[in-house]
Amino acid sequence: MAPKKRPRMSKKAADAGKADDGGKVSAAEASVGGKRKATGKSKESVKADDPPEHSHWLMKSEPESRFENGIDVKFGIEDLKTMLDQTSCWDGVRNFQARNFMRQMKKGQLAFFYHSNCKEPGIAGLMKIVKEAYVDHTQFDKKDVHFDASSKPDNPKWSMVDVQYQRMMKRFIPLSELKKYHLQHRAQGGPLKDMALFTRARLSVQPLTTEEFEFVVSLEDKAPL
DNA sequence: GCCAACGTTGGC
DNA sequence: GCCAACGTTGGC
């Protein structure tokens with residue numbers, strides 16, 4: 001599922017939790033980066049894992065109404081547009097890998113707004129990261145769909161960023177079209193051959209290489225495949 | 001609405 | 001620390 005964003009801007013109060021990264025790392029959390037190979041590497045690079053730097057992102061959310069214990073989790077790009085300053089916090093991410101990617105995001109970077117779990121899944125538009133990772137307050141809110149009883153205020157588990165609407169894609173880029181390119185590129189080579197949307201299908205926040213990002217943007221001016 | 005893929009949890 | 005059971009994601 002996709003994160004449900006608050007229809008209100010994050011409160012100043014939420015900014016309080018600056019130091020995000022408490023000392024502890026749960027087993028699940030630790031295992032997440034686990035693909036990382038230790039083979040032949042010197043010990044330093046193994047432990048310290050400075051994440052590879054990504055500069056472009058794709059973030060999924062659901063544009064159609066769906067009720068999760070009585071609460072509508074709908075939040076499409078049209079909803080982002082209506083927010084004050086067309087800006088919203090991206091709360092509700094409850095997956096370690098997705099969270100870790102959000103923590104790598106830098107102010108000013110661009111992200112695709114992807115519509116998931118809907119009639120026509122695909123990329124709807126572009127947004128910009130306007131605030132880097134900070135504590136997701138909804139984890140402590142019992143009324144929230146994404147309340148997490150296992151997260152304690154003195155060591156919050158979950159983070160969010162703020163995003164601002166930039167623009168719609170000149171045309172909606174459907175998943176089906178991206179998939180055709182992905183398959184084609186996988187067979188013959190091309191920028192989308194390893195796109196996370198297909199290789200890590202369930203990740204709700206994912207990085208794109210500059211090549212992937214630019215290829216997708218270039219599709220705007222092409223006829224639908 | 002179905003269900004495949006896969007992340008998370010907990011028993012041992 | 002393994003792995004079965006369970007829960008979630010998200011396309012179709």
Side-chain angles (χ1 to χ4, degrees), chain A residues 1-5 22 24-39 46-47 49 51 57-80 90-104 111-125 127 136 138-142 144-152 155-160 169 172-186 192-208 212 216 219 224-225:
Chain A
M1 130 38 267
K4 151 74 164 80
K5 263 74 46 311
K24 306 209 81 97
V25 174
S26 73
E29 187 166 1
S31 71
V32 154
K35 288 279 154 53
R36 212 169 300 283
K37 306 246 43 198
T39 44
V46 175
K47 181 92 216 187
D49 75 274
W57 310 95
L58 179 149
M59 302 169 85
K60 301 178 182 178
S61 187
E62 305 185 37
E64 293 171 7
S65 282
R66 188 173 64 80
F67 291 85
E68 218 173 307
N69 27 291
I71 299 160
D72 193 355
V73 297
K74 168 186 190 293
F75 190 83
I77 195 163
E78 296 300 333
D79 298 298
L80 177 59
W90 200 268
D91 66 277
V93 171
R94 295 294 181 268
N95 169 282
F96 290 114
Q97 299 183 75
R99 180 204 68 179
N100 292 345
F101 284 131
M102 282 204 298
R103 288 181 176 179
Q104 293 174 30
F112 288 124
F113 196 126
Y114 178 89
H115 281 170
S116 68
N117 210 12
C118 56
K119 290 296 129 32
E120 227 202 348
I123 294 173
M127 53 195 176
D136 178 346
T138 66
Q139 67 198 296
F140 306 121
D141 178 0
K142 291 202 174 66
D144 196 276
V145 187
H146 301 288
F147 172 68
D148 181 355
S150 75
S151 182
K152 297 294 173 252
N155 188 20
K157 261 192 195 169
W158 305 111
S159 303
M160 62 187 182
M169 302 308 284
F172 183 83
I173 312 290
L175 176 65
S176 57
E177 179 174 348
L178 293 169
K179 189 176 216 159
K180 287 178 199 163
Y181 282 111
H182 168 64
L183 292 173
Q184 186 181 302
H185 292 182
R186 213 176 51 181
L192 298 197
K193 72 173 152 39
D194 297 319
M195 196 186 189
L197 196 52
F198 305 104
T199 60
R200 333 268 334 260
R202 297 178 45 200
L203 242 199
S204 68
V205 176
Q206 32 182 272
L208 284 84
E212 289 166 342
V216 172
L219 295 179
L225 189 67

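Per chain, numbering begins at 1; letters A, B, ... match sequence-line order.
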Given atom [atom1] of [X] and atom [atom2] of [N], what is their separation to the nearest angstrom?
X        : N     : atom1 : atom2 : answer
A/Asn117 : C/dT8 : CG    : P     : 14 Å
A/Asp148 : B/dT9 : CG    : C1'   : 13 Å
A/Leu203 : B/dA5 : CG    : C1'   : 13 Å
A/Asn95  : B/dA5 : CG    : P     : 18 Å
A/Lys157 : B/dT8 : NZ    : C1'   : 10 Å
A/Leu197 : C/dT9 : CG    : P     : 16 Å
A/Asn69  : C/dG7 : CG    : P     : 14 Å
A/Arg94  : B/dG7 : CZ    : P     : 18 Å

Donor + acceptor pair across side chains of A/Thr199, A/Asp194 (<3.5 Å): no
A/Arg66 with A/Glu68: basic N within carboxylate O range, under 4.0 Å: yes
Compare side-chain N and O positions of [X] against OP1 and OP2 of [N] and report whether any pair is under 4.0 Å apart.
X        : N      : result
A/Tyr114 : C/dG11 : yes
A/Lys60  : C/dT9  : no
A/Lys119 : C/dG10 : no

Base C/dT8 paired with A/Arg202 side chain (donor-acceptor, <3.5 Å): yes
Nucleotide of C/dG11, C/dG10, B/dT8 approaching A/Ser204 most closely (side-chain heavy atoms): C/dG10
Centroid-centroid distance, A/Phe113 to A/Trp57, less than 6.0 Å: no
Whether A/His182 and A/Phe198 hold their rings parallel, tilted or perpendicular, with breakpoints at 30° and 60°: parallel
